[in-house]
Amino acid sequence: LQLWRAYAAAQGHRFLLDAETYFNGTVFARYLGYYWASSSSQGAAESFWSRYDYLTPQAHSQYVPTDLFSLARVNDAYLLDNLVVFTQPPGYWDSLEALGAVVTRSEWTVWIDYDLTLSPCCFDAFSFTELICSEREAGSLPHIVLRDTPHEDYHHHCANAGFVIVRNTAIGRLFVELSR
């Protein structure tokens, strides 16, 4: 964290560490390698899965449902409102919620994965601002800058994939909402 604080200061940017927890549901099963959870821990939704035998884990294993998934119906509004399925522990996805909470606070927001690496030799050379401004030559500023795969920043890779820069515009905010 101190590295990112120092990097932001060196580049003339504010640093915000959002430590808020956004997921408040309950992981009730681990079927097929996924985390099956309720979307909320409030009210009747807390244990909504107990209504569905195909979601309720067997008593001896959270990895095996009591009944077959073939009994599920995709038009069940209650199920669709209460079930979420994650590929990783739900806390890892809180960063998308955090991005949604802060994107309207600044003209630009840089979302950095917790495992993003920045080569030490690029600490002074690599700049998120330069990535944004380099697009200006194409005629206008971008709404979103994605780094899906690394490319040559300078003479070698300065940052791996793992960040998104979002501009506080209707298109930028829509991107964040659809990502969540």
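- Counting all heavy atoms, side chain and backbone alike, Tyr54 lies closest to Leu68 at CB-O, 3.1 Å.
- With hydrogens and angles ignored, the 3.5 Å screen pairs a side-chain donor or acceptor of Ser38 with a backbone N or O of Thr26.
- Remark: side-chain polar atoms of Asn168 are paired, donor with acceptor, to backbone N or O of Thr104 under 3.5 angstrom.
- Atom-to-atom distance recorded for Leu79:CG and Leu55:CG is 6.0 Å, nearest 0.5 angstrom.
- Annotation for Leu32 and Phe69: closest pair CD1-CE1, 4.3 Å, computed over non-hydrogen atoms.
- Dense packing is recorded around CZ of Phe15, with more than 12 heavy atoms of other residues, nucleotides or ligands lying under 6.0 Å away.
- A side-chain donor-acceptor contact under 3.5 Å links Thr56 to the backbone of Trp49.
- Pro57 is listed as a side-chain neighbour of Tyr31, based on a closest heavy-atom distance under 4.5 Å.
- Hydrophobic clustering (ILVMFWY, side-chain heavy atoms < 4.5 Å, transitive): Phe28 and Val85 are in one cluster.
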Could you go through the side-chain contact (heavy atoms from CB on, under 4.5 Å) check for His143 and Phe175 one step at a time?
CA-CA 9 Å; His143 298 277; Phe175 170 80; over 6 Å; no
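- Shortest non-hydrogen contact noted between Val176 and Gly100 is CG1-CA, 3.5 Å.
- Between the side chains of Asp67 and Tyr52, no donor-acceptor pair is found at a separation under 3.5 Å.
- How far CD1 of Ile144 is from OG of Ser179: 7.5 Å, rounded to the nearest 0.5 Å.
- With hydrogens and angles disregarded, no donor-acceptor distance shorter than 3.5 Å links the side chain of Ser106 to the backbone of Thr109.
- The hydrophobic clustering, which links ILVMFWY residues whose side-chain heavy atoms are closer than 4.5 Å, places Leu174 and Val102 apart.
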Pair Tyr78-Arg51, side-chain contact (heavy atoms from CB on, under 4.5 Å): steps then yes or no:
CA-CA 10 Å; Tyr78 184 73; Arg51 290 176 146 196; 2.9 Å; yes
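- Contact of the Tyr35 side chain with the Arg30 side chain is registered, since non-hydrogen atoms from C-beta on lie closer than 4.5 Å.
- Atom CD of Glu177 and atom CG of Leu99 lie 10.5 Å apart (nearest 0.5 Å).
- Side-chain N or O atoms of Tyr63 include none that pairs as donor or acceptor with a backbone N or O of Gln58 at under 3.5 Å.
- In this structure, Leu141 CG and Arg167 CZ are separated by 5.0 Å, a value rounded to the nearest 0.5 Å.
- Here the side chains of Thr87 and Tyr34 are in contact, with some heavy-atom distance below 4.5 Å.
- There is no path of hydrophobic side-chain contacts, each under 4.5 Å, that joins Val64 to Val27.
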Report the C-alpha separation of Phe23 and Phe86 in whole Å, then their side-chain angles, then the decisive distance to 0.1 Å, and conclude whether the side-chain contact (heavy atoms from CB on, under 4.5 Å) test is met.
CA-CA 11 Å; Phe23 176 75; Phe86 297 99; 3.7 Å; yes
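- The two residues Asn24 and Ser39 make their nearest non-hydrogen contact at OD1-O, 3.8 Å.
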Worked verdict on Val166 versus Trp111 for side-chain contact (heavy atoms from CB on, under 4.5 Å)
CA-CA 8 Å; Val166 181; Trp111 172 45; 6.0 Å; no
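- Of all heavy-atom pairs spanning Arg14 and Arg105, the tightest one is NH2-O, 4.2 Å.
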